[in-house]
Amino acid sequence: MSDTTQGGVVKHAGAGEGAASGPDAALARLRALETLESGYEAWLELKLEQAASRLRFREERERLEQQGSFLLGAVRAAGLTPGTEPGLVAGAAAPGEFLRDAEEKLTQARDALARSEAESEAKHADAFARIRATLKDRVQRYLAASRPSLTLLLRRVGTERAILHLARVSGDTPALLCFLFAGRIPSRYGFLLDDSTEDVSLAPAPLYADEGVGADEVRPDAAGLEARVRGAGEVVPLKGFLPVFVPRPSGGEDFFRLLQRGAVLEVEVADGTAFRNVLSREESERFAGHLLRLKLEGRLGLDIEVG
């Protein structure tokens with residue numbers, strides 16, 4: 001980023017230079033490639049570009065603040081305070097006029113930077129909305145063209161309890177299932193198989209710090225996770241699981257999740273603030289019945305294996 005000196009105030013090239021092409025480049029890539037994964041790659045590219053753009057603007061604001069502080073310090077060190085008599089400094093302009101001129105230039109630079117930042121944010125927001133709409137449309141088209149398939153594995157625990165597993169899925173299937181089960185698209189393509197953790201002493205978090213979820217909000221309890229999923233907009237930042245809402249005979253729904261566990265997805269049900277993987281006979285039958293209903297509606301392929 002180049003610097004020029006004008007009227008005693010250092011002026012920097014705009015912080016957004018080069019960033020304006022970011023959203024356009026991501027959208028062009030999205031249009032050029034039709035796969036779901038490539039769409040998510042374009043989305044990630046745009047997120048990274050926005051983060052870099054915000055960093056540039058922040059650094060530029062800090063530089064301007066440093067300039068203002070430096071100029072004021074230099075003026076004071078030279079004895080050019082507003083109370084100084086102009087005649088004490090031969091050939092110098094009045095201190096008040098000098099300071100006003102410098103402050104005016106700094107104010108203009110700050111205002112120009114704020115306008116550029118607002119324009120950048122608006123352009124990114126529009127690009128994000130278009131990418132989300134495109135991904136949602138692709139997911140819906142894929143679901144209409146071919147239904148995802150699941151294999152449900154029943155493991156009995158006594159006569160009245162059971163553990164349910166689903167064979168692991170990959171590729172586009174997790175994103176399609178997320179929309180089928182929850183009516184929303186995930187914020188990342190490989191979300192279901194992501195078992196990374198920022199703290200090795202903790203299990204992987206169930207949420208990403210995306211889409212309005214803060215870094216300190218990625219580990220809600222079961223009730224909080226259900227509220228987050230239900231309250232999400234068209235995008236939900238899931239990590240390592242799929243949400244499934246299963247109707248109750250008496251009304252309402254139970255919140256189940258398909259948690260990624262190696263070669264299988266384990267079915268768990270929200271029970272207060274925690275999840276439980278050992279299901280009652282009624283819960284396991286109702287969950288299987290929900291999947292079977294989706295199969296009969298032609299929205300899902302399903303095989304059931306009883307062990």
Side-chain angles (χ1 to χ4, degrees), residues 147-171 173-184 186 190-197 199-207 218-230 236-307:
R147 58 185 186 177
S149 295
L150 292 175
T151 299
L152 181 64
L153 312 169
L154 171 65
R155 302 291 181 260
R156 296 191 183 278
V157 181
T159 58
E160 295 299 322
R161 295 186 300 169
I163 293 177
L164 296 181
H165 288 157
L166 287 149
R168 179 169 168 164
V169 294
S170 59
T173 302
L176 302 183
L177 290 173
C178 181
F179 191 83
L180 178 62
F181 291 148
R184 297 166 177 84
F191 75 98
L192 185 58
L193 305 183
D194 186 355
D195 59 0
S196 62
T197 179
D199 187 336
V200 294
S201 67
L202 298 173
L207 295 173
V218 297
R219 297 178 183 279
D221 61 19
L225 187 59
E226 178 178 2
R228 175 66 69 175
V229 174
R230 288 187 183 276
V236 60
L238 308 177
K239 180 174 181 284
F241 82 98
L242 281 163
V244 185
F245 297 102
V246 178
R248 303 189 198 101
S250 58
E253 295 175 320
D254 281 324
F255 178 46
F256 288 78
R257 72 174 180 179
L258 311 182
L259 186 65
Q260 196 275 124
R261 288 191 183 278
V264 298
L265 301 174
E266 189 161 86
V267 180
E268 297 184 336
V269 63
D271 188 358
T273 59
F275 284 96
R276 173 168 43 82
N277 68 335
V278 179
L279 310 179
S280 70
R281 180 173 180 176
E282 187 272 341
E283 288 168 338
S284 60
E285 289 177 351
R286 190 152 46 85
F287 181 86
H290 180 64
L291 297 187
L292 183 58
R293 185 162 49 249
L294 292 174
K295 176 180 180 177
L296 296 176
E297 292 172 356
R299 302 165 68 189
L300 182 72
L302 178 67
D303 291 321
I304 300 178
E305 297 181 6
V306 179

**Item:** CZ (R230) with more than 12 external heavy atoms under 6.0 Å
**Value:**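 Enclosed.
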**Asked** Around R276, counting heavy atoms of other residues, nucleotides and ligands shown, do more than 12 lie under 6.0 Å from its CZ?
**Response**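 Enclosed.
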**Asked** Are any of the side-chain heavy atoms of F245 and V229 separated by less than 4.5 Å?
**Response**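 Yes, close enough: below the 4.5 Å cut-off.
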**Asked** So do the side chains of L152 and D303 get within less than 4.5 Å of each other, counting heavy atoms only?
**Response**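 In short, these two side chains do not touch, never coming nearer than 4.5 Å.
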Nearest-0.5 Å distance, [atom1] of residue [X] to [atom2] of residue [Y]:
X    : Y    : atom1 : atom2 : answer
R155 : N277 : CZ    : CG    : 13.5 Å
S149 : L166 : OG    : CG    : 12.0 Å
E268 : L279 : CD    : CG    : 9.0 Å
L150 : R168 : CG    : CZ    : 14.5 Å

Check whether any side-chain N or O of [X] sits under 3.5 Å from a backbone N or O of [Y] as a donor-acceptor pair, and report yes or no.
X    : Y    : value
Q260 : G262 : yes
R299 : R147 : no
R248 : E253 : yes
T273 : D221 : no

Show the nearest heavy-atom pair for residues [X] and [Y], with the distance to one decimal.
X    : Y    : answer
L193 : V169 : CD2-O, 3.9 Å
P204 : T197 : CA-CB, 4.0 Å
C178 : V236 : SG-CG1, 4.0 Å

**Request:** Check ring pair (Phe, Tyr, Trp, His ring centres under 6.0 Å) between F241 and all other residues, then give those that pass, not counting sequence neighbours.
**Result:**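 With sequence neighbours excluded, F241 shows a ring pair (Phe, Tyr, Trp, His ring centres under 6.0 Å) to no residue whatsoever.
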